[in-house]
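Letters go in sequence order (proteins before strands), and every chain restarts at 1. Just so you know, these numbers use all the heavy atoms, side chains as well, and skip hydrogens, waters and symmetry mates.
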2 protein chains.
Amino acid sequence: MNSTAKSCAALAKQLTDSGLRPTPQREVVFKVILEKRDHPTADEIYVRVKSQMPTISLATVYNCLETLVHCGLVRQVNLERAPTRYCPNLHEHAHFHDDTTGQVHDIELPADTIKELRKLLPIGFDANTVELAFRGRAASDPHGSN
Amino acid sequence: MNSTAKSCAALAKQLTDSGLRPTPQREVVFKVILEKRDHPTADEIYVRVKSQMPTISLATVYNCLETLVHCGLVRQVNLERAPTRYCPNLHEHAHFHDDTTGQVHDIELPADTIKELRKLLPIGFDANTVELAFRGRAASDPHGSN
DNA sequence: TTCCTGTTTAGAATTATTCTAAATCCATGT
DNA sequence: ACATGGATTTAGAATAATTCTAAACAGGAA
């Protein structure tokens with residue numbers, strides 16, 4: 001089971017499973033996020049989508065993103081005080097925010113890292129999400145990611 | 001060495017060390033953050049400060065906060081898409097954001113947790129900050145913190 | 001005192017996001 | 001095929017957090 005969302009076929013299924021419609025707007029937004037995995041912001045997604053579907057509105061992009069996040073097809077990444085970014089990598093992973101370039105890199109984690117981190121919580125705390133984010137600078141092209 | 005900022009005396013020193021002036025505004029903002037450690041937002045700080053110094057402006061509160069963060073007297077906490085919060089606990093610690101109440105709790109971490117997390121970074125990545133945040137719900141008063 | 005630089009202030013500006021209300025779409029029942 | 005109703009999209013207004021701007025102010029060095 002690859003936890004990275006793969007295709008628009010998956011999209012249609014996931015949407016209808018949630019009682020939602022696989023509309024052209026949702027498809028193109030999803031496609032754009034899959035295409036270039038650089039953690040784009042809503043605005044960047046808007047620009048990219050417009051070239052394929054010039055009539056789409058920014059509000060729709062926000063709507064679609066909300067829907068995709070809700071269905072678990074896309075993850076939302078909030079780093080420091082900056083526009084929210086979107087990420088189709090559904091693996092448990094951390095993010096590295098490069099202060100120099102502003103780019104966001106995925107950092108894959110050993111299988112049980114998040115599980116271990118959860119154990120650090122005192123009793124009484126029940127986390128449904130764990131976010132691990134680094135900030136700093138990355139060598140120009142650390143491992144070919146973007 | 002207690003890494004939690006303790007007093008306004010410490011403030012004055014830290015500021016002058018950085019070539020900045022220990023102004024009344026900076027002092028009162030700092031005092032308010034120390035007083036009630038509930039991770040207040042800039043706006044909440046503004047309200048609290050105004051009762052002691054009614055002429056202060058919101059912009060000044062933002063300025064002072066920026067200064068305090070710069071001097072390392074206060075930490076900035078950004079959780080999901082919400083107003084930035086401020087925290088005088090300078091220990092390495094994580095945050096737990098309670099979805100139900102909106103409250104933020106400090107989670108103290110074993111001494112080397114952050115160091116271990118840093119090791120997970122591929123070569124070429126050099127992090128100067130590591131943020132670990134949980135979201136979920138906490139038992140009504142998990143351990144008397146707020 | 002005068003000058004200089006750092007600081008504060010009020011209000012305008014910016015930016016990301018959400019809201020609103022009207023238009024449109026689509027599946028369904030007739 | 002056709003009307004109905006709920007979901008979706010749209011454009012633009014509204015909101016909220018933060019930053020910017022320009023003018024006033026303050027305090028220390030010359």
Side-chain angles (χ1 to χ4, degrees), chain A residues 11-12 14-32 39-50 52-71 73-74 76-87 97 102 104, chain B residues 11-12 14-32 39-50 52-71 73-74 76-87 97 102 104:
Chain A
L11 167 68
Q14 197 95 349
L15 285 172
T16 45
D17 283 2
S18 311
L20 299 164
R21 293 187 203 150
T23 68
Q25 287 86 347
R26 284 168 180 168
E27 276 169 25
V28 68
V29 166
F30 186 50
K31 191 148 62 77
V32 154
H39 304 83
T41 64
D43 225 62
E44 287 162 353
I45 293 167
Y46 178 49
V47 170
R48 294 177 199 178
V49 162
K50 272 236 282 227
Q52 298 176 55
M53 184 186 274
T55 60
I56 201 169
S57 77
L58 178 57
T60 300
V61 170
Y62 273 103
N63 287 342
C64 293
L65 289 171
E66 197 192 350
T67 305
L68 295 176
V69 169
H70 243 92
C71 295
L73 285 157
V74 160
Q76 215 168 352
V77 186
N78 295 118
L79 295 156
E80 100 285 350
R81 284 234 54 74
T84 300
R85 292 169 176 279
Y86 297 86
C87 164
H97 183 247
V104 177
Chain B
L11 167 68
Q14 198 95 350
L15 284 172
T16 46
D17 282 3
S18 310
L20 299 164
R21 296 188 200 149
T23 68
Q25 287 87 347
R26 284 169 180 169
E27 275 168 25
V28 67
V29 166
F30 186 49
K31 189 146 65 73
V32 155
H39 303 83
T41 64
D43 225 62
E44 285 161 354
I45 293 167
Y46 178 49
V47 171
R48 294 176 198 179
V49 162
K50 272 237 281 228
Q52 298 176 52
M53 184 185 275
T55 60
I56 200 170
S57 77
L58 178 57
T60 300
V61 171
Y62 273 104
N63 287 342
C64 294
L65 289 171
E66 197 192 350
T67 304
L68 295 175
V69 169
H70 243 91
C71 295
L73 285 157
V74 160
Q76 214 169 355
V77 186
N78 295 116
L79 295 157
E80 98 285 353
R81 283 231 57 71
T84 300
R85 292 168 176 280
Y86 295 87
C87 164
H97 184 247
V104 177

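With hydrogens and angles ignored, the 3.5 Å screen pairs no side-chain donor or acceptor of B/E66 with any backbone N or O of B/N63. The closest donor-acceptor contact from the side chain of B/R26 to the backbone of B/R21 lies under 3.5 Å.
As rounded to whole Å, 12 Å separates atom P of C/dC26 from atom CD of A/E27. One interatomic measurement links the two molecules: CD of B/Q76 to C1' of D/dT18, which rounds to 11 Å at whole-angstrom precision. Atom P of nucleotide D/dT18 and atom CD1 of B/I45 are separated by 10 Å, given to the nearest angstrom. A straight line from CD of B/E66 to P of D/dA17 spans 18 Å, rounded to a whole angstrom. One interatomic measurement links the two molecules: CG of B/L65 to P of D/dT19, which rounds to 10 Å at whole-angstrom precision. For the pair A/D43 CG and C/dT18 C1', the computed distance is 15 Å after rounding to whole Å. Here D/dG28 presents its C1' atom at 17 Å from CG of B/L15, a figure rounded to the nearest Å.
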Exercise. Can you give one letter per nucleotide of nucleotides 4-16 of chain D, going 5' to 3': B for a protein heavy atom under 4.0 Å from the base, S for sugar-phosphate only, - for none?
Worked result: --BSSBBBB----
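Within the 4.5 Å cutoff, side-chain heavy atoms of B/L68 are placed close to those of B/L11. Using a 4.5 Å heavy-atom threshold, the side chains of B/R48 and B/P40 count as touching.
Note that SG of A/C64 and CD1 of A/I45 are 10.0 Å apart. Values are rounded to the nearest 0.5 Å. Note that CG of B/D43 and OG1 of B/T84 are 11.5 Å apart. Values are rounded to the nearest 0.5 Å. Considering CG of B/N78 and CG of A/L79, their distance stands at 9.5 Å, rounded to 0.5 Å.
The rotation axes computed at either terminus of the helix from C/dT1-D/dA30 to C/dT30-D/dA1 lie 10° apart, taking five pairs at each end and rounding to 10 degrees.
Minimum heavy-atom separation, B/Y46 to B/I56: CE1-O, 3.5 Å.
The side chain of A/T84 contributes an N or O atom lying less than 4.0 Å from OP1 or OP2 of C/dT17. For A/Y62 and C/dT17, the shortest distance from a side-chain N or O to OP1 or OP2 is below 4.0 Å.
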For this session: Under the side-chain contact (heavy atoms from CB on, under 4.5 Å) rule, what do A/Q76 and A/Y86 come out as? Steps first, then yes or no, please.
Result: CA-CA 5 Å; A/Q76 215 168 352; A/Y86 297 86; 3.6 Å; yes
